[in-house]
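Notes to accompany the following structure.
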Amino acid sequence: MSATTTATPERAGRLAAHDSPSTFREALPVFLAHASPRLLLVAVAAAATYRIWLGAWSWWDLAPLVALWVAWPVQEWLIHVFILHFRPRRVLGRTWDFRVPRSHRAHHRDPWNYEILFIPFHSFLYSLPLLVAFWHVATPTAALAWTGIVGHLLGALHYEAVHFLVHTRVRPHTAMYRKLWNHHRLHHFKNEHYWFGVTRTEADALLGTAPEVRAVPTSESCRDLLAT
């Protein structure tokens with residue numbers, strides 16, 4: 001069963017599917033018009049240039065890339081479940097909520113609105129320094145650290161591209177991307193408690209959040225993450 005067969009009516013959000021690009025040619029300038037993809041493109045170019053300048057290439061450069069490939073689906077799952085789907089908490093008389101989950105809740109309310117689906121730009125102010133610090137701590141040399149940084153930034157850019165295209169009328173041509181397209185649309189239009197992966201689905205399979213579609217009830221709160 002595809003995600004579209006269980007979707008809520010198109011007009012439930014402020015925008016509908018037909019408001020989005022329908023071809024790659026239409027989608028590319030829209031994608032590049034947004035701040036997050038542009039920043040990531042610049043960051044990838046700058047990081048790759050610096051990595052080339054450092055030199056010291058070896059077979060060990062494969063190690064951070066392999067580690068990143070293995071960890072990526074779990075990272076996506078953890079961020080989606082515990083950060084993007086964070087629910088406001090009341091502690092000591094004060095309600096705690098954050099900009100990133102608020103932005104994600106808006107994305108669920110209006111899934112065809114591609115203006116609000118990208119990584120919030122303000123989050124790069126802390127995520128990029130943390131990314132650089134992490135790879136320098138996790139690897140023994142600056143060269144290996146920047147190999148990991150380049151790979152991580154490419155993964156983030158790929159995430160933005162896949163996520164954007166899933167929320168347009170552009171249909172993927174390959175089996176892998178058709179699977180991702182269907183997987184993420186199930187999360188938005190079938191049940192928000194499952195199918196958390198966007199560019200990788202292994203963590204959903206491993207952690208029990210990719211059940212048989214027919215066994216999952218269609219949620220009434222896909223558009224309002226605070227409804228239940």
Measure across [X] and [Y] and return the closest heavy-atom pair with its distance rounded to 0.1 Å.
{"X": "P21", "Y": "V30", "answer": "CG-CG2, 4.1 Å"}
{"X": "A27", "Y": "V170", "answer": "CB-CG2, 4.1 Å"}
{"X": "P64", "Y": "W60", "answer": "CD-O, 3.2 Å"}
{"X": "D204", "Y": "G197", "answer": "OD2-N, 2.7 Å"}
{"X": "L226", "Y": "R87", "answer": "O-NH2, 3.8 Å"}
{"X": "T209", "Y": "A203", "answer": "OG1-O, 4.5 Å"}

Sub-3.5 Å donor-acceptor pair from the side chain of [X] to the main-chain atoms of [Y], do we have one?
{"X": "E76", "Y": "V198", "result": "yes"}
{"X": "E26", "Y": "S22", "result": "yes"}
{"X": "T139", "Y": "W135", "result": "yes"}
{"X": "R169", "Y": "T23", "result": "no"}
{"X": "N191", "Y": "P217", "result": "yes"}
{"X": "E160", "Y": "I119", "result": "yes"}
{"X": "D61", "Y": "S58", "result": "yes"}
{"X": "T168", "Y": "S20", "result": "no"}
{"X": "R51", "Y": "A143", "result": "yes"}
{"X": "N182", "Y": "K179", "result": "no"}

Could you tell me whether [X] atom [atom1] has more than 12 heavy atoms of other residues or ligands within 6.0 Å of it?
{"X": "R99", "atom1": "CZ", "answer": "no"}
{"X": "W57", "atom1": "CH2", "answer": "yes"}
{"X": "E220", "atom1": "CD", "answer": "no"}

What pairs with H122 under ring-ring contact (aromatic ring centres under 6.0 Å, His included), at least two apart in sequence or on another chain?
none

Should the ring pair [X] and [Y] be called parallel, tilted or perpendicular, given that the plane angle runs from 0 to 90° and is split at 30 and 60?
{"X": "H104", "Y": "H188", "answer": "tilted"}
{"X": "F164", "Y": "H34", "answer": "tilted"}
{"X": "H184", "Y": "H80", "answer": "tilted"}

Could you measure the distance from the [atom1] atom of [X] to the [atom2] atom of [Y]? Nearest 0.5 Å is fine.
{"X": "E192", "Y": "L84", "atom1": "CD", "atom2": "CG", "answer": "13.5 Å"}
{"X": "L39", "Y": "F124", "atom1": "CG", "atom2": "CZ", "answer": "5.5 Å"}
{"X": "R105", "Y": "R109", "atom1": "CZ", "atom2": "CZ", "answer": "7.5 Å"}
{"X": "S123", "Y": "F98", "atom1": "OG", "atom2": "CZ", "answer": "14.0 Å"}

Can you pull out every salt bridge (charged side-chain N to carboxylate O under 4.0 Å, His left out) where at least one residue sits in residues 122-137? Sequence neighbours excluded, please.
none

Is there a path of hydrophobic side-chain contacts, each under 4.5 Å between heavy atoms of I, L, V, M, F, W or Y residues, that connects V42 with L125?
no

Determine, step by step, whether H85 and H108 satisfy the side chain to side chain contact (heavy atoms under 4.5 Å, CB included) criterion, reporting the C-alpha distance in whole Å, the side-chain angles of both residues, the deciding distance to 0.1 Å, and the verdict.
CA-CA 10 Å; H85 281 228; H108 267 266; 3.5 Å; yes

Co-members of L62 in a cluster of I, L, V, M, F, W and Y side chains, linked at under 4.5 Å:
W59

Among W72, W69, Y159, which residue meets the ring pair (Phe, Tyr, Trp, His ring centres under 6.0 Å) test with H152?
W72

Between H187 and H183, a side-chain donor and acceptor under 3.5 Å
no

Stepwise side chain to side chain contact (heavy atoms under 4.5 Å, CB included) test for F31 and Y114
CA-CA 9 Å; F31 180 71; Y114 52 76; over 6 Å; no

Between W181 and F189, does the ring centroid distance fall short of 6.0 Å?
no

Within the 4.5 Å heavy-atom criterion, are L40 and S36 side-chain neighbours or not?
yes

